[in-house]
Q: 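Sharing a structure with you now.
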Amino acid sequence: MVLATPCFGPDVLGAADELTDAYVDVFTAPPWEDRDARATRAEFRERLATDAHRPGFRAVLATSDDGRVRGFVTGWTTQAPFRTDRAYGKVTTRLGAERVNELLVGAFEVDELGVRPDVRGTGLGRRLLSALVDTAPGGRAWLLTWSQAHETLAFYRRIGWREPAPLPGNETDVVVFLSPGRPGDSSVATDGDRHGLNTDQNPGARRGPGS
């Protein structure tokens, strides 16, 4: 049986070992198979210790009866000024500073979403994402992922997340998505259904490269 457990702020650090194991399992598999497992583990643990203290940090963990994390989603409220580290600079390049402030600042930022291979095909990723985003302030949430994670892109498109179109000539190797039913802008892409994917097959989603 899989149980969904919400965590707020530093409370998530009590499950850091189990969450890290799941993260490494998900994000050293295709299309991220070139990532070193040991380095990925160290990087995520260090980042989690910081991220858990960000304003509005929340996580939802799906665990089995033995306490093993089967799936996870994490995020926090995007603050001003918009960050420039990790993949954030590519977001500003893609959308422009004005649209970043309009669409992303103050919204809930989904940072990591992943489910372990043996529970894919169960709809767990979709349920975890909904559990987190449904409580976003004003219904506003966003995320980014790598442009070459084709199954992940198709997953978000299929469940109604929308893509603000990049500024002309400013395409990057990350793609930004806005949550369904939230205020958007007139340049949000609406042709996602042609990329259809059974939503139960999402292998995992993460932010862009370098994040």
Side-chain angles (χ1 to χ4, degrees), residues 1-32 40 44-45 47-48 51-52 54 56-78 107-146 149-162 175-182 192 196-208 211:
M1 181 177 180
V2 175
L3 306 174
T5 304
C7 299
F8 300 90
D11 289 350
V12 74
L13 299 178
D17 289 343
E18 295 81 5
L19 176 55
T20 301
D21 286 344
Y23 181 89
V24 173
D25 197 17
V26 172
F27 293 119
T28 57
W32 299 281
T40 297
F44 179 72
R45 281 299 294 267
R47 183 154 55 88
L48 182 65
D51 292 343
R54 296 191 185 280
F57 179 90
R58 296 196 302 280
V60 179
L61 309 181
T63 59
S64 53
D65 291 336
D66 62 4
R68 191 168 182 238
V69 173
R70 317 305 293 157
F72 55 88
V73 61
T74 67
W76 53 77
T77 304
T78 302
F108 189 82
E109 176 181 349
V110 179
D111 182 57
E112 302 286 3
L113 168 65
V115 297
R116 279 187 140 128
D118 60 335
V119 289
R120 292 173 191 162
T122 64
L124 179 59
R126 179 177 51 188
R127 294 194 301 272
L128 286 168
L129 184 61
S130 293
L132 193 67
V133 171
D134 285 352
T135 61
R140 300 175 62 226
W142 71 281
L143 58 84
L144 67 94
T145 192
W146 185 35
H150 300 297
E151 289 188 343
T152 297
L153 296 173
F155 167 74
Y156 288 123
R157 291 164 177 157
R158 186 68 175 175
I159 64 175
W161 286 64
R162 302 171 300 148
V175 178
V176 176
F177 283 92
L178 306 179
S179 59
R182 58 147 287 167
L197 175 75
N198 182 326
T199 58
D200 288 350
Q201 299 303 315
N202 177 38
R206 75 183 294 264
R207 301 177 50 81
S211 62

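Numbers here are sequence positions counted from 1. Note that this is a predicted model, so its numbers are computed, not measured.
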Q: Working to the nearest 0.5 angstrom, can you tell me the gap between D21 CG and R116 CZ?
A: 6.0 Å
Q: Just verifying a value: how many Å separate L19 CG and L13 CG, rounded to the nearest 0.5 Å?
A: 9.5 Å
Q: Kindly give the heavy-atom pair with the smallest separation between A59 and V12, and that separation in Å.
A: CB-CG2, 4.0 Å
Q: Any idea which heavy atoms bring G114 and L128 closest together, and the distance?
A: O-CD1, 4.5 Å
Q: Any idea which heavy atoms bring A22 and V69 closest together, and the distance?
A: CB-O, 3.7 Å
Q: Test V26 against R120 for side-chain contact (heavy atoms from CB on, under 4.5 Å), laying out the working first.
A: CA-CA 11 Å; V26 172; R120 292 173 191 162; 4.3 Å; yes
Q: To the nearest 0.5 Å, what is the distance between CZ (R70) and OG1 (T63)?
A: 9.5 Å
Q: Salt bridge or not for D111 and R54, using N-O below 4.0 Å?
A: no
Q: Are W161 and V110 close enough, and set up right, to give a side-chain contact (heavy atoms from CB on, under 4.5 Å), and what steps lead you there?
A: CA-CA 12 Å; W161 286 64; V110 179; 4.2 Å; yes
Q: Show your working on side-chain contact (heavy atoms from CB on, under 4.5 Å) between D17 and R45 and close with a plain yes or no.
A: CA-CA 8 Å; D17 289 343; R45 281 299 294 267; 2.5 Å; yes
Q: Please check: side-chain N/O of R127 versus main-chain N/O of T122, any donor-acceptor pairing under 3.5 Å?
A: yes
Q: Using the six-membered ring wherever Trp is involved, compare the ring planes of Y156 and F177 and label them parallel, tilted or perpendicular (cut-offs 30° and 60°).
A: tilted
Q: Any idea how W32 and W146 line up, ring-wise: parallel (<30°), tilted (30 to 60°), or perpendicular (>60°)?
A: tilted
Q: Nearest 0.5 Å, what's the OG-CH2 distance between S179 and W142?
A: 12.0 Å
Q: Locate the shortest heavy-atom distance separating A4 from V60; write the atom from each residue and the value.
A: CB-CG1, 4.1 Å
Q: Give, for atom CD of E109 and atom CG of L143, the distance between the pair rounded to the nearest 0.5 Å.
A: 9.0 Å
Q: Between F108 and P137, which heavy-atom pair has the shortest distance, and what is it?
A: CB-CD, 4.1 Å
Q: What I'd like to find out is whether the side chain of D25 reaches to under 4.5 Å of the side chain of P117, using heavy atoms alone.
A: yes
Q: Nearest 0.5 angstrom please: E112 CD to L132 CG, how far?
A: 12.0 Å
